[in-house]
Asks: 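Just passing along the structure, written as structure tokens.
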Amino acid sequence: MTETASGIRTRFAPSPTGFLHIGGARTTLFNWLFARRHKGVFVLRIEDTDEARSTAESVDAILESIRWLGCDWDEGPLDAESDRGPFSPYYQMKRLEHYDKYLRQLLEEGKAYRCYCSKEELDAMRRLAQLEKRPPRYDGRCRLLTERQGRDLEASGRKPSLRFRMPEEGATLVPDLIRGEVSFENRLQQDFVIRKTTGGPTYNFACVVDDHLMRISHVIRGDEHLPNTPSQLQLYRALGWQPPLFAHLSMIMGPDGGKLSKRHGATSVLEYKQQGFLPQALRNYLALLGWSTTDSQQLFSPEELIERFDLAGCQKNPATFDPVKLAWMNGEYIRKTPVPELVRQAEPFLKTAGLASAEGPALERTVALEQEKYKRLADIPGLIEFFYKPVEYTPKAMDKVLRTTGTKETLGGLAERLSRLSPFEEKALESEIRGFCAERGLKAGQVFHPLRAAVTGRTEGPTLFLMLEVMGREMVVSRLRKTIDALG
RNA sequence: GGCGCGUUCGUCUAGCGGCCCAGGACGCUGCCCUCUCAAGGCAGAGAUCACGGGUUCAAAUCCCGUACGCGCCA
């Protein structure tokens with residue numbers, strides 16, 4: 001038993017019907033932060049009761065996403081089949097006996113009843129209600145069915161679902177750690193289905209049974225679940241269980257105010273990984289979507305995030321996802337990463353670009369030269385590839401900088417001087433080149449810019465002298481000569 | 001349609017009755033630094049606190065409506 005002193009247990013319970021999206025990642029993060037903050041336990045549970053849509057690939061993708069985010073879980077699945085923890089299994093489809101047990105109990109105690117209405121009948125009922133401008137809720141017509149009537153219906157081939165008998169009067173109060181107390185009138189709630197005609201439990205039911213059996217203390221989830229909560233609370237009551245504490249997080253919206261979706265860009269956590277976002281950066285950004293401190297601090301170390309996180313700082317209103325701010329934050333994290341570590345993290349991107357084992361200066365040196373410019377790891381190859389590939393002049397470099405009067409002679413002079421310079425190091429390079437400027441009566445800019453354009457093909461790039469040092473004499477001189485030839 | 005939730009700069013947010021003619025961050029603009037691009041520093045533009053009523057000596061903050069957005073039930 002992974003019981004801890006705090007007794008705090010949170011969970012994230014995804015349906016494996018797709019990848020882990022940004023909203024799910026934020027929910028995961030908040031559950032994880034809350035558990036870690038209070039020295040509690042973070043549980044992962046797979047809600048795969050939608051057999052038609054659940055896949056093992058989704059389970060794998062979700063687990064990979066959460067691992068990458070760094071939200072390690074204490075109990076739950078290890079992969080798409082096996083799991084670990086005192087309340088195993090953590091897959092709902094492997095827990096059917098538990099649901100059956102409590103389903104039977106509710107039925108025996110008269111707290112649930114069989115409903116034989118067909119889909120067609122329910123649809124008709126709904127249409128009629130809508131026509132008469134009544135709320136389209138189930139009218140409870142099967143509540144009073146006798147056992148005999150039930151048997152007859154079953155004999156005629158009907159399969160029953162099981163419905164929970166909601167109280168007809170009063171209100172259900174949902175205490176919410178973020179929103180305060182929210183009240184729902186019972187007479188407006190319907191007798192919801194807890195077991196489908198196919199025999200499987202519904203989401204609301206399985207969720208309650210599992211949260212109870214797994215001793216979840218805090219249910220932190222998206223606020224789309226708030227309207228389900230009174231039903232769940234009644235279930236806890238009917239089963240004689242102490243409900244957990246609830247905290248409903250506001251949703252994450254796209255820039256147009258609608259649900260965050262594909263047309264707003266990447267929505268899958270794995271896509272962010274593939275673009276070269278650092279997990280700490282994504283975590284930091286996601287934490288700030290719906291949570292903040294009173295001092296509006298923006299950047300938090302991983303430890304700090306855990307120390308400072310609290311539910312009281314959570315926002316009630318929805319937040320719009322801002323990729324631009326995420327990119328800024330990622331840049332901040334990249335700048336803080338020690339270069340050897342950065343190179344290691346960037347390896348997949350360098351490999352894809354063909355730079356991982358290319359001839360040329362050490363990656364640690366070239367990557368370091370541009371560190372303050374990367375917003376994503378995927379930006380790295382593009383900014384350093386000129387060290388490893390033949391120079392290609394941009395139109396601007398060629399027309400505005402290289403094809404200017406006197407430039408050819410300047411480059412020729414530089415090639416001559418630099419081919420003899422020793423040591424070929426930043427300081428020596430700077431004084432040599434500045435001396436060259438003075439001798440020829442040229443302004444620094446008249447020399448520096450063509451020099452950069454000649455050896456990189458670009459008008460922007462790393463600081464000049466250190467870059468030349470990293471390139472080395474051979475590459476610098478040969479590129480100067482090549483440019484002179486290109487200028488004809 | 002019913003129910004529920006929400007509404008402070010373009011965006012994320014601070015604010016929980018006087019400190020706010022509203023503070024921070026991203027982005028934007030300008031300046032400085034400078035061999036370019038960045039990074040960094042400084043400055044600036046940007047919010048009649050959704051709207052309308054109350055309560056109060058005093059409201060972004062409390063109450064009531066309205067509008068709009070979102071969610072849930074289908």
Side-chain angles (χ1 to χ4, degrees), chain A residues 119 122-123 125-127 129-138 171-172 174 176 178-180 182-190 192-193 204 222-231 248-260 284-299 312-332 334-336 369-375 379 383 394 396-397 400-401 429-430 433-434 437 443-453 456 458-468:
Chain A
K119 193 175 180 310
L122 292 169
D123 285 345
M125 215 183 292
R126 204 176 301 129
R127 269 196 302 276
Q130 241 155 23
L131 231 56
E132 294 173 1
K133 304 226 183 280
R134 286 183 288 111
R137 59 189 269 273
Y138 176 69
T172 305
V174 178
D176 186 285
I178 295 171
R179 286 153 209 284
V182 185
S183 164
F184 295 84
E185 269 189 82
N186 290 147
R187 60 177 188 84
L188 298 174
Q189 305 289 316
Q190 62 177 341
F192 59 100
V193 176
N204 273 322
D223 96 3
E224 69 270 22
H225 291 290
L226 185 54
N228 282 328
T229 313
S231 303
H248 288 95
L249 268 17
S250 60
M251 300 201 52
I252 299 177
M253 318 299 278
D256 57 0
K259 223 177 181 158
L260 187 63
N284 193 155
Y285 178 71
L286 250 20
L288 253 25
L289 266 194
W291 172 77
S292 63
T293 54
T294 50
D295 57 5
S296 283
Q297 183 176 335
Q298 302 293 310
L299 270 9
C314 287
Q315 199 71 15
K316 296 189 190 74
N317 48 306
T320 303
F321 185 79
D322 181 6
V324 176
K325 184 159 181 178
L326 203 213
W328 162 75
M329 200 171 268
N330 202 51
E332 288 283 327
I334 287 179
R335 263 165 255 138
K336 270 187 253 180
L369 243 20
E370 296 282 62
Q371 189 169 198
E372 70 279 5
K373 287 183 203 162
Y374 314 127
K375 290 206 185 309
D379 296 337
L383 286 168
T394 63
K396 191 177 171 194
K400 296 258 168 67
V401 181
L429 280 157
E430 176 156 15
I433 294 169
R434 284 195 192 278
C437 295
K443 280 192 286 188
Q446 289 175 286
V447 174
F448 295 178
H449 298 315
L451 177 51
R452 170 178 289 105
T456 68
R458 312 174 184 204
T459 51
E460 70 255 12
T463 183
L464 189 60
F465 308 110
L466 186 53
M467 177 185 75
L468 295 175

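Only this structure's heavy atoms are used, side chains among them; waters, hydrogens and symmetry mates stay out. Numbers restart at 1 for each chain; the letters A, B, ... are given by sequence-line order, proteins then strands.
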Asks: Considering only side-chain heavy atoms of A:Arg434, which listed nucleotide, B:rA25, B:rC35, B:rG10, is closest?
Replies: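 Nearest to the side-chain atoms of A:Arg434, counting from C-beta on, is B:rC35.
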
Asks: Write down the distance separating the P atoms in B:rC26 and B:rC42, rounded off to the nearest Å.
Replies: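 My reading of the P atoms in B:rC26 and B:rC42 gives 12 Å.
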
Asks: Using the C1' atom as the reference point in each nucleotide, state the distance between B:rU55 and B:rC63 in Å, no decimals.
Replies: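 7 Å, rounded to whole Å.
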
Asks: Spell out yes or no: do the side chain of A:Thr463 and the base of B:rC35 have one donor N/O and one acceptor N/O closer than 3.5 Å?
Replies: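 Donor-acceptor pair under 3.5 Å: yes.
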
Asks: Let's see if you can work this out: which of B:rC73, B:rG15, B:rU36 has an atom nearest to the side-chain heavy atoms of A:Thr294?
Replies: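 Ranking B:rC73, B:rG15, B:rU36 by closest atom to the A:Thr294 side chain puts B:rG15 first.
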
Asks: For A:Trp328 and B:rG40, what is the distance between atoms CH2 and C1' respectively, to the nearest whole Å?
Replies: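 The answer, rounded to whole Å, is 14 Å.
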
Asks: With both distances under 3.5 Å as the test, what is the Watson-Crick or G-U wobble partner of B:rC72?
Replies: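 Looking at the geometry, B:rC72 pairs with B:rG2.
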
Asks: Is A:Gln315 touching bases, backbone alone, or none of the nucleic acid, heavy atoms closer than 4.0 Å?
Replies: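 Counting heavy atoms under 4.0 Å across all strands, the contact made by A:Gln315 is with sugar-phosphate only.
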
Asks: Could you tell me whether A:Ala319 contacts a base, only the sugar-phosphate backbone, or nothing, with contacts defined as non-hydrogen atoms closer than 4.0 Å?
Replies: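 Since only primed, P, OP1 and OP2 atoms lie under 4.0 Å of A:Ala319, the category is sugar-phosphate.
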
Asks: Hey, does the side chain of A:Asn284 reach the backbone of A:Gln298 with a donor-acceptor pair shorter than 3.5 angstrom?
Replies: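 Answer holds: yes.
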
Asks: What does B:rC57 pair with, Watson-Crick or G-U, if both distances are under 3.5 Å?
Replies: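 Per the H-bond distance test, B:rG18.
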
Asks: Which base, if any, makes a Watson-Crick or G-U wobble pair with B:rA39, both distances under 3.5 Å?
Replies: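 Matched B:rA39 with nothing under the 3.5 Å cut-off.
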
Asks: If I take atom CD in residue A:Glu372 and atom P in nucleotide B:rU36, what distance separates them, rounded to the nearest angstrom?
Replies: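 Interatomic distance, CD of A:Glu372 to P of B:rU36: 13 Å.
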
Asks: Ignoring hydrogens and angles, does a donor from either the side chain of A:Ser296 or the base of B:rG23 sit under 3.5 Å from an acceptor on the other?
Replies: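 Flag set: donor-acceptor pair detected.
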
Asks: What does A:Pro255 touch in the nucleic acid at a heavy-atom separation under 4.0 angstrom: a base, only the sugar-phosphate, or nothing?
Replies: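 Nothing, no heavy atom under 4.0 Å.
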
Asks: Within the structure shown, what part of the strands sits under 4.0 Å from A:Gly222 by heavy-atom distance: base, sugar-phosphate, or nothing?
Replies: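 No contact.
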
Asks: For B:rG27 versus B:rG44, give the span between their C1' atoms, rounded off to a whole number of Å.
Replies: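 That atom pair is separated by 14 Å.
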
Asks: Using a heavy-atom cut-off of under 4.0 Å over every strand shown, decide if A:Phe184 touches base, sugar-phosphate, or nothing.
Replies: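 Counting heavy atoms under 4.0 Å across all strands, the contact made by A:Phe184 is with sugar-phosphate only.
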
Asks: Would you mind telling me which of B:rC3, B:rC5, B:rC35 lies closest to the side-chain atoms of A:Leu226?
Replies: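 Of B:rC3, B:rC5, B:rC35, B:rC5 is nearest to the side chain of A:Leu226.
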
Asks: Report, as a single string ordered 5' to 3', how protein heavy atoms within less than 4.0 Å touch nucleotides 46-51 of chain B: B base, S sugar-phosphate only, - not at all.
Replies: ------

Asks: Is a side-chain N or O of A:Gln190 found less than 3.5 angstrom from the main chain of A:Tyr138, in a donor-acceptor match?
Replies: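 Here the side-chain-to-backbone pair exists.
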
Asks: To the nearest Å, give me how far apart NZ (A:Lys396) and C1' (B:rU36) are.
Replies: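 That distance rounds to 8 Å.
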
Asks: Heavy atoms under 4.0 Å, any strand shown: does A:Glu430 hit a base, just sugar-phosphate, or nothing?
Replies: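 Here A:Glu430 touches no strand at all.
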
Asks: Indicate yes or no for a side-chain donor-acceptor contact from A:Glu370 to the backbone of A:Glu372 under 3.5 Å, with no hydrogens or angles considered.
Replies: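 Not confirmed, A:Glu370 side chain does not pair with A:Glu372 backbone.
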
Asks: Determine the Euclidean distance between corresponding P atoms of B:rC64 and B:rU48; express it in Å to zero decimal places.
Replies: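 Taking atom P in both B:rU48 and B:rC64, they lie 25 Å apart.
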
Asks: In whole angstrom, give me the gap between the P atoms of B:rC31 and B:rC49.
Replies: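 Looking at atom P only, B:rC31 and B:rC49 are 34 Å apart.
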
Asks: Using a 3.5 Å distance criterion without hydrogens, assess whether the side chain of A:Asp176 forms a donor-acceptor pair with backbone atoms of A:Val182.
Replies: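 No; judged by distance alone, with no hydrogens or angles, the pair does not exist.
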
Asks: For RNA chain B, whose closest nucleotide is more 5', that of A:Gly461 or that of A:Val324?
Replies: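 Nearer the 5' end of the strand: A:Val324.
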
Asks: State whether the side chain of A:Tyr285 and the backbone N or O of A:Phe321 hold a donor-acceptor pair below 3.5 Å, judged by distance alone.
Replies: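 Flag not set: sc A:Tyr285 to bb A:Phe321 has no pair under 3.5 Å.
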
Asks: When we call it a touch if two heavy atoms are under 4.0 Å apart, what does A:Met329 touch: a base, just sugar-phosphate, or nothing?
Replies: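 No contact.
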
Asks: With a non-hydrogen cut-off below 4.0 angstrom, is A:Gln298 in contact with a base, only sugar-phosphate, or nothing?
Replies: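 The answer is base, as A:Gln298 lies within the cut-off (heavy atoms under 4.0 Å) of a base atom.
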
Asks: Taking atom P in both B:rA58 and B:rG2, what distance in whole Å separates the two?
Replies: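 Pairwise P distance, B:rA58 against B:rG2, rounds to 38 Å.
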
Asks: So what does A:Leu288 hit on the nucleic acid, given a heavy-atom distance under 4.0 Å: a base, only sugar-phosphate, or nothing?
Replies: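 The residue A:Leu288 makes sugar-phosphate contact but no base contact.
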
Asks: Both distances under 3.5 Å, Watson-Crick or G-U wobble: report the partner of B:rG27, or none.
Replies: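 B:rG27 is paired with nothing.
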
Asks: For B:rU7, does OP1 or OP2 lie under 4.0 Å from any side-chain N or O of A:Asn317?
Replies: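 Answer yes for this pair, as a side-chain N or O of A:Asn317 is under 4.0 Å from OP1 or OP2.
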
Asks: For a quick test of reading the model, state the closest non-hydrogen atom pair linking A:Arg452 to A:Glu460 and the distance between them.
Replies: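 Scanning both residues, the minimum pair turns out to be CD-C, 4.0 Å.
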
Asks: If every non-hydrogen atom of A:Thr320 is compared with every non-hydrogen atom of A:Gly254, which pair is closest and at what distance?
Replies: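 What the structure gives for the nearest pair is CG2-O, 3.5 Å.
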
Asks: What are the two closest non-hydrogen atoms of A:Leu226 and A:Phe184, and how far apart are they?
Replies: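 Looks like O-CZ, 3.9 Å.
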
Asks: Do A:Ile334 and A:Asp379 have side-chain heavy atoms sitting under 4.5 Å apart?
Replies: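 No, their side chains stay 4.5 Å or more apart.
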
Asks: At under 4.0 Å, does any side-chain N or O of A:Arg179 touch on OP1 or OP2 of B:rG4?
Replies: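 Result: no.
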
Asks: Compare all side-chain heavy atoms of A:His248 with those of A:Cys314 and state whether any distance is below 4.5 angstrom.
Replies: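 Contact flag for A:His248/A:Cys314 side chains = no.
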
Asks: Expressed in whole Å, how much space separates the C1' atoms belonging to B:rG23 and B:rC16?
Replies: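 Between the two C1' atoms, the distance is 15 Å.
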
Asks: Mind calculating the distance between CG (A:Leu429) and C1' (B:rC35) to the nearest angstrom?
Replies: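 About 13 Å, once rounded to whole Å.
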
Asks: Mind checking the C1' distance from B:rG24 to B:rC9? Whole angstroms is fine.
Replies: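 About 12 Å, rounded to a whole number of Å.
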
Asks: With both distances under 3.5 angstrom, what nucleotide forms a Watson-Crick or G-U wobble pair with B:rC9?
Replies: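 Because no pair has both required distances under 3.5 Å, B:rC9 counts as unpaired.
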
Asks: Closest to the A:Phe465 side chain: B:rA39, B:rG71, B:rC35?
Replies: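 So the side chain of A:Phe465 is nearest to B:rC35.
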
Asks: Rounding to a whole Å, what distance do you find between A:Arg452:CZ and B:rC35:P?
Replies: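 Nearest whole value for this atom pair: 10 Å.
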
Asks: Under 4.0 Å, counting only non-hydrogen atoms across every strand here, what does A:Gly445 touch: a base, just sugar-phosphate, or nothing?
Replies: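 No contact.
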
Asks: Output the rounded distance in Å from NE2 (A:His248) to P (B:rC72).
Replies: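 My rounded result for the distance is 12 Å.
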
Asks: Quick one: pull up NZ in A:Lys375 and CG in A:Leu326 and give me the separation to the nearest 0.5 Å.
Replies: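 These two atoms lie 11.5 Å from each other.
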
Asks: Of A:His225 and A:Pro318, whose nearest nucleotide on RNA chain B comes first from the 5' end?
Replies: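 Closer to the 5' end of RNA chain B: A:Pro318.
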
Asks: Using OP1 and OP2 only, check whether a side-chain N or O of A:Gln189 sits under 4.0 Å from B:rG4.
Replies: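 For B:rG4, OP1/OP2 do not have a side-chain N/O of A:Gln189 under 4.0 Å.
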
Asks: Could you let me know what B:rU48 is paired to, Watson-Crick or G-U wobble, both distances under 3.5 Å, or none if it's on its own?
Replies: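 Here B:rU48 is not engaged in any pair, so there is no nucleotide opposite it.
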
Asks: If you only use heavy atoms from C-beta on, which nucleotide in B:rG40, B:rU13, B:rC35 is closest to the side chain of A:Ser292?
Replies: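 It is B:rU13.
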
Asks: Side-chain N or O of A:Thr320 versus OP1/OP2 of B:rU11: is the shortest distance under 4.0 Å?
Replies: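 No, A:Thr320 has no side-chain N/O under 4.0 Å of OP1/OP2 on B:rU11.
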
Asks: Rounded to whole angstrom units, what separation is found between the NZ atom of A:Lys316 and the C1' atom of B:rU8?
Replies: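 To the nearest whole Å, that distance equals 14 Å.
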
Asks: Output the rounded distance in Å from CG (A:Asp256) to P (B:rU11).
Replies: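 Result: 12 Å.
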
Asks: Using a heavy-atom cut-off of under 4.0 Å over every strand shown, decide if A:Arg187 touches base, sugar-phosphate, or nothing.
Replies: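 No contact at all - A:Arg187 keeps every heavy atom at 4.0 Å or more from the nucleic acid.
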
Asks: By nearest atom, which of the nucleotides B:rG40, B:rC12, B:rC72 is closest to the A:Asn228 side chain?
Replies: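 Comparing B:rG40, B:rC12, B:rC72 against the side chain of A:Asn228, the answer is B:rC72.
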
Asks: Check the surroundings of atom NZ in A:Lys316: do more than 12 heavy atoms from other residues, nucleotides or ligands lie under 6.0 Å from it?
Replies: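 Counting other residues, nucleotides and ligands, NZ of A:Lys316 stays at 12 neighbours or fewer.
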
